[in-house]
Amino acid sequence: MGTIVNGANGGFKGKAGSVIGSSWKSINYIKGLYKKRSKPASELQMMQQEKFRTLMRFLLPINMFLKIGFGRKNTERLTPINAAFQFNLKQAITGTYPAYSLDYSKVSISDGGLYGGGTVSVAHAAGELTFTWDPTANDTFETFGDDMVFVLAYHPEKDEFMSSPAPSTRASGEISFIISEHLQVGIVHTWMFLTNRSKTRVSKSVYLGEVLLN
């Protein structure tokens, strides 16, 4: 695939002979037409494809979180979900082909330098999940009471995510949300991360562990 840099005719889109023109983030590209594979995929290729399916199946439904959590990563070349994929591919895949799975304790929803929530925890009671953190702002670490807190829970048996209707703030110290009735049995995995009000700085996500709901 080639990149057009101030070509005589500029960028183009669509098929032209044996090439296709396209663009992303104001960068123009040309690439050859897809050629049907004449050889079966190698075992290494099949392993990579299965890793891709395993991880992307988890990441795609939470793309709205990844846009925040990985939105500052190499934005000129990678979409946030692709940045999250590359980051998690190195650490979150476990098992052997073809039975890959995710080590949820190593899955990252965000990555950045903002100071996190200090001592954090999650608890379940009366059909609700409650996340708590240290509400203290710190001028030294440039953290403020209006920093936003995002929480996420994943129910692997149901393959569904849940979260609060809106983020909380650092100063609040906690946030709760009601678990949907059909998700109130089993185990959920939980994460939390923070951003500043403008979402230009983000913390590393923290895995808070498993919560038994029944």
Side-chain angles (χ1 to χ4, degrees), residues 24-27 51-52 54-94 102-123 129-156 160-177 179 188-211:
W24 180 72
K25 284 185 177 283
S26 300
I27 301 172
K51 286 181 178 181
F52 179 88
T54 299
L55 183 53
M56 288 302 287
R57 189 171 184 273
F58 178 87
L59 295 177
L60 282 171
I62 56 171
N63 190 35
M64 68 289 291
F65 286 90
L66 303 179
K67 286 179 180 179
I68 302 169
F70 284 89
R72 314 297 294 183
K73 293 281 187 180
N74 198 10
T75 55
E76 294 303 314
R77 296 294 177 182
L78 292 175
T79 63
I81 194 169
N82 285 336
F85 176 84
Q86 289 190 3
F87 192 92
N88 282 286
L89 182 63
K90 301 174 183 178
Q91 60 188 29
I93 300 289
T94 187
L102 295 179
D103 182 343
Y104 297 111
S105 69
K106 296 181 180 178
V107 168
S108 293
I109 310 301
S110 69
D111 184 61
L114 180 67
Y115 186 78
T119 301
V120 298
S121 65
V122 60
L129 281 175
T130 299
F131 295 74
T132 59
W133 56 88
D134 183 354
T136 307
N138 189 311
D139 288 339
T140 301
F141 290 109
E142 297 183 329
T143 63
F144 303 96
D146 65 351
D147 291 341
M148 295 188 292
V149 181
F150 294 84
V151 296
L152 182 68
Y154 175 63
H155 197 303
E160 289 192 37
F161 291 91
M162 59 188 101
S163 184
S164 57
S168 184
T169 62
R170 187 186 294 271
S172 297
E174 72 171 36
I175 189 171
S176 299
F177 61 84
I179 304 168
V188 294
H189 298 270
T190 55
W191 296 265
M192 184 181 78
F193 70 93
L194 289 82
T195 74
N196 63 350
R197 176 58 61 177
S198 61
K199 300 180 183 177
T200 55
R201 299 179 64 210
V202 61
S203 74
K204 297 179 185 295
S205 62
V206 176
Y207 176 71
L208 282 73
E210 295 182 1
V211 179

Q) Do any pairs count as a side chain to side chain donor-acceptor pair (under 3.5 Å) and have a residue in residues 142-151, sequence neighbours left out, and if so which ones? A) Asp147-Arg170

**Q.** Residues which pass side-chain hydrogen bond (donor to acceptor under 3.5 Å, both in side chains) with Thr119, listed by chain and number, not counting sequence neighbours
**A.** none

Q: List in chain and number order the residues that pass side-chain contact (heavy atoms from CB on, under 4.5 Å) with Gln86, two or more places apart in sequence or in another chain; answer none if no residue qualifies.
A: Leu78

Q: Search all heavy atoms of Ser176 against all heavy atoms of Thr130 and return the closest pair with its distance.
A: OG-OG1, 2.7 Å

Q. To the nearest 0.5 Å, what is the distance between CD (Gln91) and CG (Leu89)?
A. 9.5 Å

Q. Between Phe177 and Pro165, which heavy-atom pair has the shortest distance, and what is it?
A. CB-CD, 4.4 Å

**Q.** Interatomic spacing from OG in Ser121 to CE in Met192 - rounded to 0.5 Å
**A.** 8.5 Å

Q: Using the test side-chain hydrogen bond (donor to acceptor under 3.5 Å, both in side chains), find all partners of Asp103 that sit at least two apart in sequence or belong to another chain.
A: Ser105

Q. For Met162 and Val188, what are the C-alpha separation, side-chain angles and deciding distance, and is it a side chain to side chain contact (heavy atoms under 4.5 Å, CB included)?
A. CA-CA 9 Å; Met162 59 188 101; Val188 294; 3.7 Å; yes

**Q.** By side-chain contact (heavy atoms from CB on, under 4.5 Å) - contacts of Phe52 (at least two apart)
**A.** Met56, Phe85

Q.
Nearest 0.5 Å, please: how far is CZ in Phe70 from CD1 in Ile81?
A. 11.0 Å

**Q.** Shortest non-hydrogen contact between Ser108 and Phe87, atoms and distance
**A.** OG-CE2, 3.4 Å

Q) With sequence neighbours excluded, what pairs up with Thr200 under the side-chain hydrogen bond (donor to acceptor under 3.5 Å, both in side chains) test? A) Asn196, Ser198

Q) Can you name the nearest heavy-atom pair linking Ala166 to Ile175, along with the distance? A) O-CD1, 3.5 Å

Q) Thr169: what forms a side-chain contact (heavy atoms from CB on, under 4.5 Å) with it, not counting sequence neighbours? A) Ala171, Ser172, Arg197

(Q) Tell me if the centroids of the rings in Phe58 and Tyr154 come within less than 6.0 Å of each other. (A) yes

Q. Quick one: side-chain contact (heavy atoms from CB on, under 4.5 Å) partners of Thr136, sequence neighbours excluded?
A. Asp134

Just distance, no hydrogens or angles: give the donor-acceptor pairs under 3.5 Å from side chains in residues 109-118, sequence neighbours left out.
{"residue": "Ser110", "atom": "OG", "partner": "Ser203", "partner atom": "O", "Å": "2.7"}
{"residue": "Ser110", "atom": "OG", "partner": "Ser205", "partner atom": "N", "Å": "3.0"}
{"residue": "Asp111", "atom": "OD1", "partner": "Lys204", "partner atom": "NZ", "Å": "3.0"}
{"residue": "Asp111", "atom": "OD2", "partner": "Lys73", "partner atom": "NZ", "Å": "2.6"}

Q: Begin with the C-alpha distance, continue with both residues' side-chain angles, and end with the deciding distance and a verdict on side chain to side chain contact (heavy atoms under 4.5 Å, CB included) for Val151 and Thr190.
A: CA-CA 7 Å; Val151 296; Thr190 55; over 6 Å; no

Q.
Nearest 0.5 angstrom please: Leu59 CG to Asn82 CG, how far?
A. 10.0 Å

**Q.** Shortest non-hydrogen contact from Tyr207 toward Tyr104
**A.** CD1-O, 3.5 Å

Q) Partners of His155 by side-chain hydrogen bond (donor to acceptor under 3.5 Å, both in side chains), sequence neighbours excluded? A) none

Q) Atom CD1 in Ile68, atom CG in Leu194: separation rounded to 0.5 Å? A) 11.5 Å

Q) Which heavy atom of Trp133 sits nearest a heavy atom of Phe131, and at what distance? A) CZ3-O, 3.4 Å

Q.
Could you check whether any side-chain heavy atom of Leu102 comes within less than 4.5 Å of a side-chain heavy atom of Thr54, counting everything from C-beta outward?
A. yes

